[in-house]
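Contents: one structure, followed by commentary.
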Amino acid sequence: MYRPEAERIPCVIMRGGTSKGIYLVGNHLPSDPEKRDRVILSIFGSPDKRQIDGLGGADPLTSKLAIVDRSERDDADVDYTFGQVEINRSSVDYSSNCGNISSGVGPFAIEQGMVKAVEPVTCVRIYNTNTKKVFEAYVPVKNGHPCYVGDFKIDGVPGTGARIGINMAGTIGAKTGGLLPTGNPKDTIQVDGFGKLEVSMVDAGSPMVFVRAFDLGLDGTESPQEIDSNPKMLELLENIRCTASVIMGIAHDRQTARENIRAVPMVAFVSPAKDYYSHITGQFVTKRSIDFVSRDMFMGIMHKTYSGTASVCTICAAATNGSIVSEAIGHTIENGKVRIGHPGGVLEGEVEVIDGKITKAVYGRTARRIMDGYVYVPREILD
């Protein structure tokens, strides 16, 4: 239906892993980057803390964007750009990828006819423009369509779904040039208002800085509510992030990291395996079911489960001798399996190391196409 005051743009809403986002085909958006971002902000309803005039969910985990196009590269089927759409600011952050939203890219590409469905599993080669790296998604298909129904369970999402395997070994060093940006499994940094702190800085999937929960006076099993309601701890964690960002070469200075590069590096505080309760379901998580406990900070608050790219980085850190994550495990990884105890439950990943090089870093996700149709953007924004 033609509406003179608005332009309609095809869009899809998908849950990818434990996040939810808007999936768009790139050629449906303006080619001019500034105009494109104005359109995206309008689609999400930003800036507004409720995003009431758009499709955003007023939460960093539901204010996410995937732009997908056919790729002209020989080593990729589609090009994919991730955007973290700010809620209270007129800004879209393209500085990193999102592993949860990435899990929806393969099914989206198949449904849109960009990739031919091959039963029983279609390998979709995805070039992520944020990191300039290729990763693979293994999507179950049947009768020419992605399978969304299955028996694979990920904590933080109700019910079960078809398992999508995401191999991001190819993203190692995408942001900083290497798995260990400083060349060391551990470094000591100076944090304003705190002092010296031992950390591990790792770049795989998404760059991260790992700290011991104990060193911050934490138990390691804290819920998002406990951390998010503690302004002093939030400020300390942000200071750690900004300091590490400069050391890793991600931001020129801490102010730039604080104001303009807010998504990476992510900070995680880890501890040895402990018993705790999922803040989502109340279910008891036993220390025997996990290898260690980790809490991942994302966009200034604690992730309610665990970021997909953080999963990749944490899995790789676990396989790196001498890292804070490896030390928290306290034993050799068995059969390449890594079990992360996160606030919502348990996340399992697989890692393979050959001749000292990580050749596989896989985590399993589910995805679901929730809605497709048109979103209406005021014509004055396009004009």
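Along the sequence shown, the residues carry numbers beginning at 1. Keep in mind that this is a model prediction, so the values were computed, not measured.
Around CZ of Arg254, the count of heavy atoms belonging to other residues, nucleotides or ligands within 6.0 Å does not exceed 12. The number of heavy-atom neighbours closer than 6.0 Å to NE2 of His145, taken from other residues, nucleotides and ligands shown, is 12 or below. Taking a 6.0 Å sphere around CD of Gln190, one finds it holds more than 12 heavy atoms contributed by other residues, nucleotides or ligands. Summarising the local packing, NZ of Lys20 is surrounded by 12 or fewer heavy atoms from other residues, nucleotides or ligands at distances under 6.0 Å. In Lys360, the NZ atom is crowded: over 12 heavy atoms of neighbouring residues, nucleotides or ligands sit closer than 6.0 Å. The local environment of CD in Glu119 is crowded, with over 12 non-hydrogen atoms from other residues, nucleotides or ligands closer than 6.0 Å. Environment of CZ in Arg50: sparse, with no more than 12 heavy atoms of neighbouring residues, nucleotides or ligands closer than 6.0 Å. Heavy atoms from other residues, nucleotides or ligands lying under 6.0 Å from CG of Asp53 number 12 at most.
Using a 4.5 Å heavy-atom threshold, the side chains of Ser223 and Pro343 count as separate. When side chains are defined from C-beta on, Thr320 does not count as touching Val202, because their heavy atoms never get closer than 4.5 Å. Considering only heavy atoms from C-beta on, Met299 stays 4.5 Å or farther from Ile301 through its side chain. Within the 4.5 Å cutoff, side-chain heavy atoms of Thr305 are placed close to those of Ile280.
If you chain together hydrophobic residues whose side chains sit under 4.5 Å apart, Leu179 and Val270 fall into the same group. Cluster annotation: Ile340 and Val362 are assigned to distinct hydrophobic clusters (Ile/Leu/Val/Met/Phe/Trp/Tyr, side-chain heavy-atom contacts under 4.5 Å, transitive). The cluster map of Ile, Leu, Val, Met, Phe, Trp and Tyr, joined by side-chain heavy atoms under 4.5 Å apart, puts Val124 and Val312 in the same cluster. Cluster membership check: Val105 shares its hydrophobic cluster with Met14, using side-chain heavy-atom separations under 4.5 Å among Ile, Leu, Val, Met, Phe, Trp and Tyr.
Screening residues 111-144 for ring pair (Phe, Tyr, Trp, His ring centres under 6.0 Å) gives no qualifying pairs among residues at least two apart or on separate chains. Annotation: side-chain hydrogen bond (donor to acceptor under 3.5 Å, both in side chains) contacts involving residues 306-317, sequence neighbours excluded, comprise Ser294-Tyr306, Tyr306-Thr314, Ser307-Thr309.
The backbone N or O of Gly150 lies less than 3.5 Å from a partner atom in the side chain of Thr160, making a donor-acceptor pair. A distance-only check finds a donor-acceptor pair linking the side chain of Ser323 to the backbone of Ala317 [under 3.5 Å]. Lys175 contributes a side-chain N or O that, together with a main-chain N or O of Ser95, makes up a donor-acceptor pair within less than 3.5 Å. Panel note: side chain Ser229, backbone Gln225; a donor-acceptor pair is recorded below 3.5 Å. Judged by distance alone, the side chain of Asp228 and the main-chain N or O of Met302 form a donor-acceptor pair under 3.5 Å. Although no hydrogens or angles enter the test, the distance criterion places a donor-acceptor pair under 3.5 Å between the side chain of Ser200 and the main chain of Ile324. In this structure a side-chain-to-backbone donor-acceptor pair under 3.5 Å is missing from Glu238 to Gly300. Remark: the backbone N or O of Val118 is paired with a side-chain donor or acceptor of Thr122 at under 3.5 angstrom.
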As a quick check of understanding, evaluate side-chain hydrogen bond (donor to acceptor under 3.5 Å, both in side chains) for Ser46 and Gln51, giving each step before the final call. CA-CA 6 Å; Ser46 294; Gln51 293 183 317; 2.9 Å; yes

Please test Glu7 against Arg379 for salt bridge (Lys or Arg N to Asp or Glu O under 4.0 Å), starting from the C-alpha separation and ending with a verdict. CA-CA 6 Å; Glu7 180 78 20; Arg379 194 169 297 279; 2.9 Å; yes

Intermediate values then yes/no, salt bridge (Lys or Arg N to Asp or Glu O under 4.0 Å), Lys35 and Asp32: CA-CA 5 Å; Lys35 183 178 288 188; Asp32 176 70; over 6 Å; no

Would you check, one step at a time, whether the test side-chain hydrogen bond (donor to acceptor under 3.5 Å, both in side chains) holds for Thr18 with Asn100? CA-CA 6 Å; Thr18 56; Asn100 279 304; 3.2 Å; yes

Decide side-chain contact (heavy atoms from CB on, under 4.5 Å) for Asp296 and Met208; before the verdict, give the C-alpha distance in whole Å, the side-chain angles of both, and the deciding distance to 0.1 Å. CA-CA 9 Å; Asp296 169 29; Met208 295 185 70; 4.1 Å; yes

As a quick check of understanding, evaluate side-chain hydrogen bond (donor to acceptor under 3.5 Å, both in side chains) for Glu352 and Thr359, giving each step before the final call. CA-CA 6 Å; Glu352 181 180 75; Thr359 57; 2.8 Å; yes

Passes side-chain contact (heavy atoms from CB on, under 4.5 Å), Arg262 versus Glu86? Steps please. CA-CA 10 Å; Arg262 302 182 63 227; Glu86 293 275 9; 2.9 Å; yes

Would you please test Thr182 and Asp187 for side-chain hydrogen bond (donor to acceptor under 3.5 Å, both in side chains) and show each step? CA-CA 8 Å; Thr182 65; Asp187 291 279; 2.6 Å; yes

May I have the step-by-step check of side-chain contact (heavy atoms from CB on, under 4.5 Å) for Lys337 and Glu350, ending in yes or no? CA-CA 5 Å; Lys337 303 289 186 183; Glu350 304 168 36; 3.7 Å; yes

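The CZ atom of Arg288 lies 10.5 Å from the CZ atom of Arg339; values are rounded to the nearest 0.5 Å. Distance CD/Glu327 to NZ/Lys186: 3.5 Å, rounded to 0.5 Å. Note: Arg70 CZ to Asp77 CG = 10.5 Å, rounded to the nearest 0.5 Å. Here Ser91 contributes atom OG and Asn260 contributes atom CG; the two are 7.5 Å apart, rounded to the nearest 0.5 Å. Summarising the geometry, atom CZ belonging to Arg125 is positioned 8.5 Å from atom CD belonging to Glu136; distances are rounded to the nearest 0.5 Å. One distance of note links CD1 of Ile126 with CG of Asn167; it measures 11.0 Å at 0.5 Å rounding.
Between Met266 and Ser206 the shortest heavy-atom distance is CE-OG, 3.4 Å. For the pair Asp155 and Gly344, the tightest heavy-atom approach, listed with the atom from each and the gap, is CB-O, 3.5 Å. Minimum interatomic distance between Ser103 and Ile164 (heavy atoms only, all atoms of both residues): O-CD1, 3.4 Å. Summarising the geometry of Thr171 relative to Gly205, their closest heavy-atom pair is OG1-N, 2.9 Å, with the distance given to 0.1 Å.
Residue Tyr277 shares its hydrophobic cluster (ILVMFWY side chains chained together at separations under 4.5 Å) with Phe284. Other residues sharing the hydrophobic cluster of Val92, ordered by chain and number and joined by side-chain separations under 4.5 Å: Ile9, Ile13, Ile22, Leu24, Leu29, Val39, Ile40, Leu41, Ile43, Phe44, Leu55, Leu65, Ile67, Val85, Tyr94, Ile370, Met371, Val375, Val377, Ile381, Leu382.
Under the side chain to side chain contact (heavy atoms under 4.5 Å, CB included) criterion, Pro47 pairs with Ser90, not counting sequence neighbours. For Glu235, the side chain to side chain donor-acceptor pair (under 3.5 Å) criterion is met by Arg258, not counting sequence neighbours.
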